[in-house]
Amino acid sequence: MSLHNSFDTEDNPFSNMFSSGAVNPPLEQLQSNSNGNNELTYDYGNENEVEGHDDLKPQSPTDRSPSNFSSTTSSPTSSNINYEPYENLSKSMAITQPLQYLDGEKVTIKIVDTGRYTDPYGKKNAIGYVIQYNDKEVVRRYSEFDNLNKILIKLYPTIIIPPIPSKHSILKYFLSPIHAQNDPKIINTRKRRFQSFLNNCYRVQEIRKCIIFQKFLNPEYIWKDVLSSPPVTILPLNNLLAPPLNPTKPSPLHLLLPAPNANTKIESNLTIDRNGEDSEDTLIHKYDNQLYQVELRLSNYLSKFQPMSNKIKQNKFHLHSLSSNLAELGAYYNSLSIDYTKLKQLSMGIERIGHSFDVNYVSLEILIENINNLIEEQIDEIIGFLTDSKRVIIFKNLKILQYRIIATTIKKRSGRIKELRNFEEKLHKLDESFHESESQGDNDANLHHTQNRDILSHINERQVQLQLQKKRKKLKRPTTNLEPEFLTKIERTNEIERLTKEVDKLNECFKLVKKDISEVIASTLSSLELLDEFIEKKLKLMLNNLTQAILNWITESLKAWKEAKIQIDKI
Amino acid sequence: MAEVKAGIIKAGSSKEENLPIYKLEIIVSDPQKRTGDQGTSYVSYQISTKTDNPSYHKYNDDTKTIIVVHRRYSDLLLLHDILSNEYPTCIIPPLPDKKVFQYIAGDRFSQRFTQKRCHSLQNFLRRISLHPILSRSNILEIFLVSNEWDTYKKSFVANLPTNKEEVTDAFMNAFKAVNIQSEEFLEIKEKNDKLDHTISKLDSIYHKVVKKHDSISEDYAKLGTSIQDLTELVSGSNNDNLSKKLKVFNDGITQLSYGLNDLNKFLDFEYLVDLKDLEHYIESMRQLLKLKDQKQIDYEELSEYLTKSIKERDNLIAGYGSSNFLTNKLEELAGINQEAARREKINKLEIKITSLGTELEVAKKVADAFEQETLKEVSHFDGIKTKELKESLGNLADEHIKFFEKMLDTWTEVDKDLN
């Protein structure tokens, strides 16, 4: 059953809302909302007064703050640390190579340390991440980052929220429940990713100004208290029924809007053609192409990045096993060189070969580390962004759907009113012509006749009603769906009156939704475009960084082999 | 038997010092599939020889001419057999396995197989050319120079003795150990075992490395197509700059994939073959040591027998009967004249002892000579091995330098284009 049909039945929210004051969302999934709505008193006067969204223009790209790469004291793999005989190798150089930031800006928010941390209530032991911002330090833990992320998603349905690293896999907990939480590799990854998350948030004007985000960075606030106070506590259950750009601002009229979901469909033949006047075409189509382009591109990005991420992971695995083989080779050549201590030159030559393999191994390990930090994590982050962009697009589409539902309903209602009025007019004309023909006859009889006719018509009315009721029973349709000739005069006038009121309210909703839509589309578009731009910049940065990492690897290895060759030539 | 032994002693000792030293460089290349007379296919290798030995240049005037012949695997196998027959005290470099499996699988004309075998044959001939005795052999010259090798071949095959006897002999002695092993040989053996162990370890790791390189190179090929897709996607937008950058980067990745492939080809076709050949060479050396031990065992057994006989004779002379009181009693009962029998026995033993004495002397000479020869061989082996190690390690370093230099060029270019 299409939504439109359901909308035209008796339990249609727009037919009922003025008589009962309750809103029954057309879809059962949202029943939970209706209870809350019952308690609200409606004041429809100020529904247009939505403020505070003047800064909707797409933000300038210079606004973004750089994402972090190497500023963390990322530890090289443990094997590197133990690798003392080759201290002269500039491995530290390779890892802390000055890598480019986005737009060359400095990192605004830093995560300077990690460690065990007990929350102010002294209960839980977890890993805390020390955030440094504006010379202040605040400790937050994973679950708090997770909270912030979820709240921001609720708070900004039209803005793509930067992703946070995923939770520990259950498998890991299963394998080693004690160590999973303390795995330094994961902690380091999270440290980098959280820093990136905070700076990515900071980059977005809306989030930067958001009070919750600011409280998150402020050590004076205990996060639990932030969670148990507004605006977190008054977040709407369904963002479609709240002002899209400021969902915590009370707006009762929003509660009257229909709440479609992903399964909701509108009958395609019921498109609106009101001669361009107020038509959605002008409103939505203005952005249609732009939106379509950027949405298509982002979804293409997602479909390309996901397999690429897998390939890189696989490659990393292969490189890892290669590097361990290289380490073995180094060891065996070294032992071979010891076997030949009598032949000094040969022994030294073999030793250099072993050394070359050792260098190969260390520089490859560094390359792997770099691939992990500079590419894999970045791609994961981009995938996170792209996945969240889907949420924003879906919200926007639902909002458009909402708009269409209202427009369609208005059209239907107006049509019905027109139908009823036309019928009434026809009857009236018929009546008049009947009158005229009579009045042309006897004037005296006329008065008498009129009285008679009134009585007659009254009796007729009764009879008609009975007849109608019989007929209606055969049709088995609700009154609102009946052709006007099946209705009595009173019913008709009642319905016209009711529908006119409803259309008035609907028009108010329509105005509200129209405003919403333009806000949502503009905000969504700017957010999507910002992401598009961000991805391109990230890609460029990744290419540059990876090229640098590869060059480092090549240079180190080449140097070692050249030295080995010189020694071998001496044999 | 004695004649052969004398021959060995002669072959080994004298004629080396006075002979001039010639350069001899042999290159095996260009494996080609050919069809023989009976319509069967085989692989022919081009063997080019560069030498300043005048006897090689009978058919041409210029000693700088490179002599080129074509030989097949079975020809080299024959050369190997003839050499090992002619020079039993030398370590004849081993040939690559016959690889029966490849014959069955029909894989023996694949590039991988022929290239590897080609490199292995090259190692074989280079080892011979570096060996002071083997490099002077007539058969080698005929093999490297003659156009009528095929006619020679038939006569050689006919004359080649079968050496089954020695095999059983060696087998019988396989579980006997030498009583007194000189420290020198103990050390040689130990060194050999150690080297063998390390080389076989390296061999197995390189196999893994080759596999890893393969999968990494494959990864990059796949990644290349991914980036290609991305490039197309990006070029759809109005950002030509980024798509250009992606393209540049992708070219770098592709080059990396190719470079790894090339490096891998070297490792697989050449370096791994070098290692395998070295393992085989060590095994040949081990065989020689075993042969030497056997000569020594011969001598030791002989001398043991001699001392036994002498002891018996002495006992008889001293009048304590042979060994057994019971046999003496029995002989007494049988009415044998004990005194006469004793004399006869002593006489027999005397004859035995003198003949044993001379034989022992010969055996001692053979064993000592063999030992000397073996020591010489070991030093030849060490020399050849060192040269070989130097060359193969040099190649290894060169190939790595080549790979990294190429990558450095490629990626410096990429870096330049990106900025």
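A note on names: the letters A, B, ... follow the listed sequences, proteins ahead of strands, and every chain is numbered from 1.
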> Would you call B:K276 and B:D203 a salt bridge, using N to O less than 4.0 angstrom?
yes
> Measure the shortest side-chain to side-chain distance between B:P93 and B:I128 over non-hydrogen atoms and say whether it is less than 4.5 angstrom.
yes
> Non-hydrogen atoms of chain A under 4.5 Å away: do they reach the side chain of B:T410, the backbone, both or neither?
neither
> Who among A:D569, A:T555, A:N360 has the most heavy-atom pairs with chain B under 4.5 Å?
A:N360
> For residues B:W411 and B:F249, establish whether the separation of their ring centroids is below 6.0 Å.
yes
> Among B:I199, B:L408, B:I205, B:D415, who wins on heavy-atom pairs under 4.5 Å with chain A?
B:I205
> Any salt bridge linking B:E405 with B:K402? Criterion: basic side-chain nitrogen under 4.0 Å from a carboxylate oxygen.
no
> If we define contacts as heavy-atom pairs under 4.5 Å, which of B:L256, B:L223, B:V248 has the most with chain A?
B:L223
> With a 4.0 Å cut-off, would you call B:R286 and B:D196 a salt bridge?
yes
> If the plane angle is over 60° it's perpendicular, under 30° parallel, otherwise tilted; pick one for B:F266 and B:Y271.
tilted
> Counting only heavy atoms closer than 4.5 Å, note whether A:I353 contacts chain B via side chain, backbone, both or neither.
side chain
> Side chain, backbone, both or neither: which part of A:I550 has a non-hydrogen atom closer than 4.5 Å to chain B?
side chain
> Among A:L296, A:L346, A:I312, who wins on heavy-atom pairs under 4.5 Å with chain B?
A:L346
> So which part of A:L322 gets closer than 4.5 Å to some heavy atom of chain B, the side chain, the backbone, both or neither?
both
> Pick from B:T386, B:I227, B:V414: which one has the most heavy-atom pairs with chain A under 4.5 Å?
B:T386
> Side chains of A:E365 and A:S323 only: does a donor on one sit below 3.5 Å from an acceptor on the other?
yes
> Using non-hydrogen atoms and a 4.5 Å limit, figure out which bit of A:F317 sits close to chain B: side chain, backbone, both or neither.
neither
> Checking B:K385 against B:Y281: charged group under 6.0 Å from the ring centre and within 45 degrees of the axis?
no
> Where on B:K390 is there a heavy atom nearer than 4.5 Å to chain A: the side chain, the backbone, both, or neither?
both
> With only heavy atoms counted, which part of A:S356 is less than 4.5 Å from chain B, the side chain, the backbone, both or neither?
neither
